[in-house]
Amino acid sequence: MQYHFNDIEAKWQKYWAEHQTFKASNHSDKPKYYVLDMFPYPSGAGLHVGHPLGYIASDIYARYKRHKGFNVLHPQGYDSFGLPAEQYAIQTGQHPALTTEENIKTYRRQLDQIGFSFDWSREVRTSDPSYYKWTQWIFIQLFESWYNNKTNKAESVETLKSIFSSDGNASVNAACDNDIPTFSASEWSDFSSEKQQEILLKYRLTYLAETEVNWCAALGTVLANDEIINGVSERGGHPVVRKKMTQWSMRISAYAERLLNGIDYNREALEWTESLKEIQRNWIGKSVGAEVEFRIQNSEFRIPVFTTRPDTIFGVSFMTLAPEHELVAEITTQDQKNEVEAYIEATTKRSERDRMADVKTISGAFTGAYAEHPFTKEPIPIWIGDYVLAGYGTGAVMSVPCGDQRDYDFAKHFNIPIPNIFKDVDISEEAYGSKDNVVIANSDFLNGLDYKKATKKAIAELEILGQGKGKTNYRLRDAVFSRQRYWGEPFPVYYVNGMPQMIETQHLPITLPEVEKYLPTETGEPPLGNANVWAWDTKQCLVISNELIDHKTIFPLELNTMPGWAGSSQYFNRYMDSHNDQEIFSQEAVNYWKQVDLYIGGSEHATGHLLYARFWQKFMFDLGLVPVDEFAKKLINQGMILGTSAKFYELMPRFEHDSKVDYQIVIVSFEIVKKYLNNDNEINTEFKKKIIQIQFDHKISKKVGKLIGDGKIEFGFMDRHVDVSFVNSSDELDLDGFKKWRPEFENAKFLTEEDGVFKVSREVEKMSKSKYNVVNPDQIVKDYGADSLRLYEMFLGPLEQYKPWNTAGITGVHGFLKKFWKLYVGKNGLNVNDTKPTANNLKTLHKTIKKVEEDIENFSFNTSVSTFMIACNELTAQKCTSKEILEPLLILLSPYAPHIAEELWRQLGQSESISTAPFPKYDEKYLVESSKNYPISFNGKMKFTMELPLDLSSEEIEKAVMANEKTQEQLQGRTPKKVIIVPGKIVNIVG
RNA sequence: GCUCAAGUGGCGGAAUUGGUAGACGCGCUGGAUUCAAAAUCCAGUUCUUCGGAGUGCGGGUUCGAUUCCCGCCUUGAGUACCA
C-alpha cells in the first residue's frame, strides 16, 4: 500500500471536525494549558506559506500538551475590523462586510487543509456585533474610570465625584490632563452640569480632547504613533501631518510605570524575549529628572521645563520653546513679532517627514522675552526652535550648550554664549554630554559635586525656592482612539450639548449602520456622517433616523469608529467564554483559564497590540474582572518566512529632449548586466555601441540610435520583479510564459549571452503580491500533503529567525514521510507485529523520545524533524517491526505530522484518536552505553580514538591509554607532563 | 547616533555547565535500476599545493574555544532632534 497523503489527510480532518476532537472544556480535572496564536486579518490575498509558520508551531505545542495530559485551549478567530480589511474592500469596490465574509471563508479553507487542532467552536470575529458588544462595553468601563496615583490603580469615577463634593480636587493625585484648575468642594457643587462633565472628562481613562494628532489624508484618518513608521503611514506609506483635532484618546500613560514594571521587576510573570521587552522599554521611554519653573521677566507667566540634568542648571544660557508652545504668542515682544510669526509659519508648513529628514539644519527665532534664572536671577533670552518638540515634556527646554550637543549647535549658530560649568573639560569643539567623570564648576553651591550629588542638591534647592521638583517623564503618549473610517466598532456614545454620554450597557451592541458611501474623505469627515439612521433616542433606547434629532430626547451619535487594535486588546479573554451574552466572560471561566500560557505571533506588534493589550488587561485587573494582570505568560515571536524574488532588467532611456521618441524595448539577461556594468553602475562604452546597433537595426528607432550616438540619450538598467513561477532553479526565465504574462514585452528584444539562456537576478525579501514572489500553500498541500508542509516549515530553521522559503527542499521531508510509511506498511500490508524489540530498537526509541521532548519544550522544532529522520533510518536499517517500538513512535510524530500518525495509529488497531494518547516516557537505562570511543588527543589535537568501557575510573582510563601502543608511538619515549581525563568525554595528553 | 540580535560548507542550518565542528536536509558528483524518463536505492561531497588549515577579523584566558573575555568589521531589527 502506498502513502496516499491527500486521502489520509482529508479523512482525518473530517473525522476530527465531526468528532470535535479538539473542543476544550471549561471543566476538567486535568491541568489547563492555553495556547494562542495572534489571530489573522483576513486579507484578500489569502494565506501564503509564511502565514502558517506560527500556527504550525503553536499547534505542535498544543498537541504535545494534550499528549502530556493537559486540558488544552487552542482557539482561533479573525481580526476582521480595521484598515487592511477596509482598504481591500475599497480596492475591489465591494462592501467590507462582504469581502470580509469571503476572505474569512478562504482563510478557513486554507487553515483547515493544514490540519490544525483549533477549537473552532470558540471562534471570534472582531466585526461581529456579538463580539464588539464587549469591545464597546470595555470602552464604557474605561470612560467610567480614573487612575488614582495614590492607590496606583483605576477606580470608578463615582468615587472621584464624591471626593470632589466633599474635598474639591486639591488632594486628588490622578493621571489626568495637566490643565485642570484647583477647585474646592463648594466650587464643585456650584459648577454647571456641563462644567462638571468637562472637568471629569480630563480624568477619565478614555477621554475626548483636542490634541495634536497624526493626520493621514490619503487614508482619510488619524493614526496612533505606532501606526507611523519613518514619518509615513505603516499601511500604504502615505504622508502624515500633525493636526489639531478633537478625538477620543486612551490614557495609557497612566499605566506607563506598571507596564514597565511588568517587564523589569516581575520576570517570571512575563517570559517574553529580551529583545521584545527592550522594544517596549524604549517605547515607554522613561526618563528621570526634574521639572524646573522659570519666571518670565516683566510678566506673570511662568514656563516649566523638563530636564534630566538639573545639575547643569548654572550652565543655562538661553531657553528654547517649541514653535507650537502656547505661551509663544503671549511673550513675544512687538519688535520680534514678525520674525517669530514668520518662523512659526515656516515650520508648520513642513511635514513631519521633512522635519525628520533634515535634522541637521538649525533654525529658530528670538522672542525678545527674557526669563529669570532661578538662582542667579540673571536674564535668560527665550528662543523658539523646532528642535524642541511640543509633544514631549513641557514643550520647552532649559538650554545648556556646554552639556547638550543640540543646545551647543543652536548657540553656535545664533552666537549665544556657551558658559562652561565642567571642571577641566574642553568644550571648544563640542558639548560634553556624558554624565560620567564630570565635576561641576562655576555653579555656586554645586561646585565640586559629581552628577549624582549635584542633581540631588539642585532639586533640593529648587524645592526650597518652590521652583522645581523631581519628575519622571515618559515618551509613551496617550493613544488616539478615533478613526474617521467606516469599518470599525461604533462608539456607544451620543452627545448632549456637545458633551459625550455613554449608552447604558444593557442596550449594547450599537451596531454599525448601513451607509451608501463608506469611503474615507480627505478632509476627515467620518463616513458614518452619511448614515441616515444614526441618532440615539434616550426614551426608547434605540438607534433611529437622524431626521428626528431634537436635542431634547433624541441626540446625535458619535461618528468616528474605533481603531483596529480595539478588538484585539481583549479577544484572548473572550475565547475563554466566547458565547456568553450576559457577561464579557464568566468569572468561572476566567478563573479557570486565567491567562494565555503560550502566545505566538510576530514581533511587529511589539509597540501596538502587545502594549495596548497589556494596558487593557491591567485595567481589567484593577476592576477585578481578571485574576492576572499580564495576559500572556510566555510569548514567542516567529520569524518571517521570506520570498526569493526574481528580477529582470529593462534598458531604460533617459530622454533629455524629445520624450515621445519611439524606441526598441530591450530586456537584458542578468549575466550581461553584470558584465557590462562598471563599478559606478554605469554601462560601459562597448555595450553602448551594441545598444546603438540594436536601435538602428529596428526601423522605428533609428532616430534613437542616432541620439544615443550623439550623446543626447543616456541609458540605464531598471530592475523589475518577475513572477517566480516563470523562473527555474537555475535562475533561467521561461520567455514564452513571461511574454504571455506581460504582453507589452511581446516584441521586446531579449539580450542574452551566446548560449541564449536568459537569466534573472535573485533577491530575498518579504513575501508580497506586488513582488510576485508569493508561494501559495494550497499547491504545496496538493503536491506533498499537509504533513510535509508542516514538517518542512519547522525544518527550515529556528522558529524565531527570518528565513527564505525554497520549495525545492521540501522533497527531503516528503521523502522522510514516505520512508516512515514504508517502515509500517509494506507491499503486502502492515509490517508491524509483536516481535520483542532488540536493544538497538529500544535505544533508538528512547533517545528519540528524549530528544523530541526536549526539543518541544525548548521550541527547537527544527532539530526534532532531523531526529525523526535519523530514527526512521535507524529503525529501517534495524528492520524493526516491533509494535512496542513503532506504536509509541507515532505519538512522538503526531504533533508534527498528525495525519500520517493518526492513520498508522488506527491501522495498528487503535480505536481512539491518537491525539489524547499519553506521551511516552523515556528510560535512561536504554541509553546508557557500556563502552565508548574515546578521542585521544595530544596537546589538544585529536590523533586517534580508543574504545573503553564507560565505568572505568580516571586512573584506569589513564592506565589503559598509556599502555596503548598508538599512544607510545605518539610519545616516542617521552613522558607526558599531564594527562587530562574527562570520563565519558575525552583524554588529552599534554607534554 | 543610540539600543538589541546575529555572523559556521555552494545553500537552509546542527553542535555551548568549554571536550571528535559541519548532524539532518537541499544542491552537486558518480553508480545501480530503466528502452528512456520520473521515482527509488547505494556511495561521495568544508577547503587543501595532501604538510595541513578552518566557525566574520585581531588579540587573550585554557591542556583544549564555534562556545568565555577584550578590541574591531559586517548584516539585520528597533528607535530617532526625548532635553
Peer 1: Is A:Y387 near enough to B:rA83 that one of its side-chain N or O atoms lies under 4.0 angstrom from OP1 or OP2?
Peer 2: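 It does not, given that no N or O in the side chain of A:Y387 lies less than 4.0 Å from OP1 or OP2 of B:rA83.
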
Peer 1: Rounded to the nearest 0.5 Å, what separates atom OG1 in A:T307 from atom CD1 in A:I313?
Peer 2: 8.0 Å

Peer 1: How close or far is atom P of B:rC26 from atom CG of A:N806, stated in whole angstroms?
Peer 2: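 Distance check: A:N806 CG to B:rC26 P gives 11 Å.
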
Peer 1: For A:S363, does its backbone N or O pair with a side-chain atom of A:Y343 as donor and acceptor, under 3.5 Å?
Peer 2: yes

Peer 1: Just do the side chain to side chain contact (heavy atoms under 4.5 Å, CB included) check on A:Y792 and A:I56 with the steps written out, would you?
Peer 2: CA-CA 10 Å; A:Y792 188 51; A:I56 294 168; over 6 Å; no

Peer 1: How long is the line joining CE of A:M869 and P of B:rC26, in whole Å?
Peer 2: 7 Å

Peer 1: Would you mind telling me which residue lines up with the more 5' stretch of RNA chain B, A:V865 or A:K851, judged by nearest nucleotide?
Peer 2: A:K851

Peer 1: Please find out if less than 6.0 Å separates the ring center of A:F410 from that of A:F318.
Peer 2: yes

Peer 1: Using a heavy-atom cut-off of 4.0 Å across all strands, would you classify A:K977 as base, sugar-phosphate, or nothing?
Peer 2: nothing

Peer 1: Students often get this wrong, so: under 4.0 angstrom with heavy atoms, is A:P804 touching a base, only sugar-phosphate, or nothing?
Peer 2: nothing

Peer 1: Which string of ( ) [ ] | and . matches RNA chain B, if you list each base 5' to 3' and count Watson-Crick or G-U pairs only when both distances are under 3.5 Å?
Peer 2: (((((((..(((......[....)))((((((.......))))))((....))..(((((..]....))))))))))))....

Peer 1: How many whole angstroms separate atom CE of A:M794 from atom P of B:rA14?
Peer 2: 14 Å

Peer 1: Roughly how far apart, to the nearest Å, are B:rC28 and B:rA38 at atom P?
Peer 2: 12 Å

Peer 1: Whole Å only: how far is the CG atom of A:L389 from the P atom of B:rA83?
Peer 2: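 After rounding, the gap between these two atoms is 10 Å.
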
Peer 1: Could you tell me how far B:rC41 sits from B:rU33 if I compare only their C1' atoms? Round to whole Å.
Peer 2: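 Result for the C1' pair: 8 Å, nearest Å.
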
Peer 1: Are any of A:R477's side-chain N or O atoms less than 4.0 Å away from OP1 or OP2 of B:rC82?
Peer 2: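 Indeed not, no polar side-chain atom of A:R477 lies that close.
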
Peer 1: Whole-Å distance between B:rG78 P and A:Q280 CD?
Peer 2: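 Taking atom P of B:rG78 as the reference, CD of A:Q280 is at 15 Å.
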
Peer 1: Return a single string for nucleotides 16-23 of chain B, one symbol per nucleotide in 5' to 3' order, where B is base contact, S is sugar-phosphate-only contact and - is none, cutoff 4.0 angstrom on heavy atoms.
Peer 2: -B-BB--B

Peer 1: Need one value for A:Q801: base, sugar-phosphate or nothing, where a base atom within 4.0 Å counts as base even if backbone is also close, heavy atoms only.
Peer 2: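 It contacts sugar-phosphate atoms only.
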
Peer 1: Between B:rA83 and A:T320, is there an OP1 or OP2 to side-chain N/O distance shorter than 4.0 Å?
Peer 2: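 So the side-chain polar atoms of A:T320 never come under 4.0 Å of the phosphate oxygens OP1 or OP2 of B:rA83.
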
Peer 1: So that I know where these two stand, are A:F314 and A:H373 an aromatic pair - ring centroids less than 6.0 Å apart?
Peer 2: yes

Peer 1: Assuming nearest nucleotide by heavy-atom distance, tell me which of A:I989 and A:P798 is located more 5' along RNA chain B.
Peer 2: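 Looking at RNA chain B, the more 5' nearest nucleotide goes with A:P798.
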
Peer 1: Could you tell me which residues satisfy side-chain contact (heavy atoms from CB on, under 4.5 Å) with A:K782, sequence neighbours excluded, listed by chain and number?
Peer 2: A:Q779

Peer 1: Distance between the P atoms of B:rA39 and B:rU45, in whole angstroms?
Peer 2: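 The answer is 24 Å between these two P atoms.
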
Peer 1: For the pair A:F868 and A:F816, name the ring-plane relationship: parallel under 30°, tilted 30 to 60°, perpendicular over 60°.
Peer 2: parallel

Peer 1: Which is it for A:E278 and A:N282 under the side chain to side chain contact (heavy atoms under 4.5 Å, CB included) test, yes or no, and what are the steps along the way?
Peer 2: CA-CA 6 Å; A:E278 187 67 22; A:N282 290 340; 3.7 Å; yes

Peer 1: Side chain of A:V990, heavy atoms from C-beta onward: which of B:rC63, B:rC82, B:rC26 has the nearest atom to it?
Peer 2: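 Of the candidates, B:rC63 comes closest.
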
Peer 1: Would you measure the distance from the C1' atom in B:rU62 across to the matching atom in B:rU46 and give it in whole Å?
Peer 2: 26 Å

Peer 1: Could you tell me whether the side chain of A:N988 and the main chain of A:I980 form a donor-acceptor pair under 3.5 Å?
Peer 2: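 Checking the backbone N and O of A:I980 against the side chain of A:N988, no donor-acceptor pair under 3.5 Å is found.
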
Peer 1: Mind calculating the distance between CH2 (A:W272) and P (B:rA5) to the nearest angstrom?
Peer 2: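 Whole-Å distance recorded here is 18 Å.
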
Peer 1: Determine the interatomic distance between P on B:rG60 and the same-named atom on B:rG64; round to the nearest Å.
Peer 2: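 Per the computed distance, 12 Å lies between those P atoms.
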
Peer 1: In whole Å, what separates the P atom of B:rC68 from that of B:rA6?
Peer 2: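 That atom pair is separated by 10 Å.
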
Peer 1: Is it true that the side chains of A:D855 and A:T863 contain a donor and an acceptor less than 3.5 Å apart?
Peer 2: yes

Peer 1: If you compare every side-chain N and O of A:R475 against the phosphate oxygens of B:rA80 (OP1, OP2), does one of them come in below 4.0 Å?
Peer 2: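 So the side-chain polar atoms of A:R475 do come within 4.0 Å of the phosphate oxygens OP1 or OP2 of B:rA80, strictly under.
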
Peer 1: Can you check the A:Y802 OH to B:rU75 P distance for me, whole Å?
Peer 2: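 Whole-Å distance recorded here is 18 Å.
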
Peer 1: Looking across every strand, which nucleic acid part, if any, lies under 4.0 Å from A:T811 by heavy atom: base, sugar-phosphate, or nothing?
Peer 2: sugar-phosphate

Peer 1: Hey, does the side chain of A:T320 reach the backbone of A:V397 with a donor-acceptor pair shorter than 3.5 angstrom?
Peer 2: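 Here the side-chain-to-backbone pair does not exist.
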
Peer 1: Checking side chain to side chain contact (heavy atoms under 4.5 Å, CB included) for the pair A:L53/A:M794: CA distance, chi angles, key distance, verdict?
Peer 2: CA-CA 7 Å; A:L53 181 77; A:M794 292 301 104; 3.9 Å; yes

Peer 1: In whole Å, what separates the C1' atom of B:rU8 from that of B:rG13?
Peer 2: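 Rounded to whole Å, the distance is 9 Å.
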
Peer 1: Is the distance from OP1 or OP2 of B:rG12 to the nearest side-chain N or O of A:K803 less than 4.0 Å?
Peer 2: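 Result: no.
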
Peer 1: In whole Å, what is the span from the NZ atom of A:K471 to the P atom of B:rC82?
Peer 2: 18 Å

Peer 1: What interatomic distance, in whole Å, is found between P of B:rA43 and the corresponding atom of B:rG25?
Peer 2: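 One P to the other, the span is 12 Å.
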
Peer 1: With syn defined as a glycosidic angle within 90° of 0 and anti as everything else, classify B:rG9.
Peer 2: syn

